Amino acid sequence: MAADLEEKTDRYERLLAEALDAATVAVPEGSPLADAAAEYREMARSYLDDGRHFRERGDLVNALASFSYGHGWLDAGARIGLFDVPDEGHLFTV
């Protein structure tokens, strides 16, 4: 069971890091939506950092939860049009 949790945590960390790299802001700079995109990206980045902190402490459950929440922020931002994301592949559900 511990090996499954470790593998899943590794996979979700990679998924969030790749998704952060792939998502680009799709709304006009200086607009209120650009502010929202920056907030969504910051939330995703913060959850990535938090997850890595939890992992260093050996807390894989909270690391996995952090990586999952971070990806949720990016995926939600992509769904409402804040980010351009790849149409193909495994990074986003859009």
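All heavy atoms count here, side chains included; hydrogens, waters and symmetry mates do not. Throughout, residue positions are numbered sequentially from 1 according to the sequence presented. If you're wondering where the values come from, they're calculated on a predicted model, not measured in any experiment.
Side-chain contact check for Arg79 versus Thr93: some heavy-atom pair is nearer than 4.5 Å. The closest side-chain heavy-atom distance from Trp73 to Arg41 is not below 4.5 Å. Side-chain atoms of Val25 and Leu82, non-hydrogen and from C-beta on, never get closer than 4.5 Å to each other.
In this structure, CG in Leu74 is found 10.5 Å from OH in Tyr40, a value given to the nearest 0.5 Å. Considering CG of Leu48 and CZ of Phe67, their distance stands at 6.0 Å, rounded to 0.5 Å. Here the OH-CG distance, from Tyr69 to Asn62, works out to 9.5 Å after rounding to the nearest 0.5 Å. Distance CG/Leu20 to CG/Leu15: 10.0 Å, rounded to 0.5 Å. With values rounded to the nearest 0.5 angstrom, Asp50 atom CG is found 8.5 Å from Met43 atom CE. Remark: Glu29 CD to Asp35 CG distance equals 10.5 Å, nearest 0.5 Å.
Looking at residues two or more places apart in sequence or on another chain, you find a ring-ring contact (aromatic ring centres under 6.0 Å, His included) between Phe92 and His71.
Arg14 places no side-chain N or O within 3.5 Å of a backbone atom of Thr9 that could act as its donor or acceptor partner.
Heavy atoms only, all atoms of each residue included: Tyr12 and Ser68 are closest at CD2-OG, 3.3 Å. Summarising the geometry of Gly81 relative to Ala26, their closest heavy-atom pair is O-CB, 3.7 Å, with the distance given to 0.1 Å. Closest of all the heavy-atom pairs between Leu16 and Ala44 is CD2-O, 3.9 Å.
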Problem set entry | Audit row: Val61, Leu5, side chain to side chain contact (heavy atoms under 4.5 Å, CB included) steps and yes/no | CA-CA 8 Å; Val61 170; Leu5 179 59; 3.9 Å; yes
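Applying the salt bridge (Lys or Arg N to Asp or Glu O under 4.0 Å) rule to pairs touching residues 53-67 yields Asp10-Arg55, Glu13-Arg55, sequence neighbours excluded.
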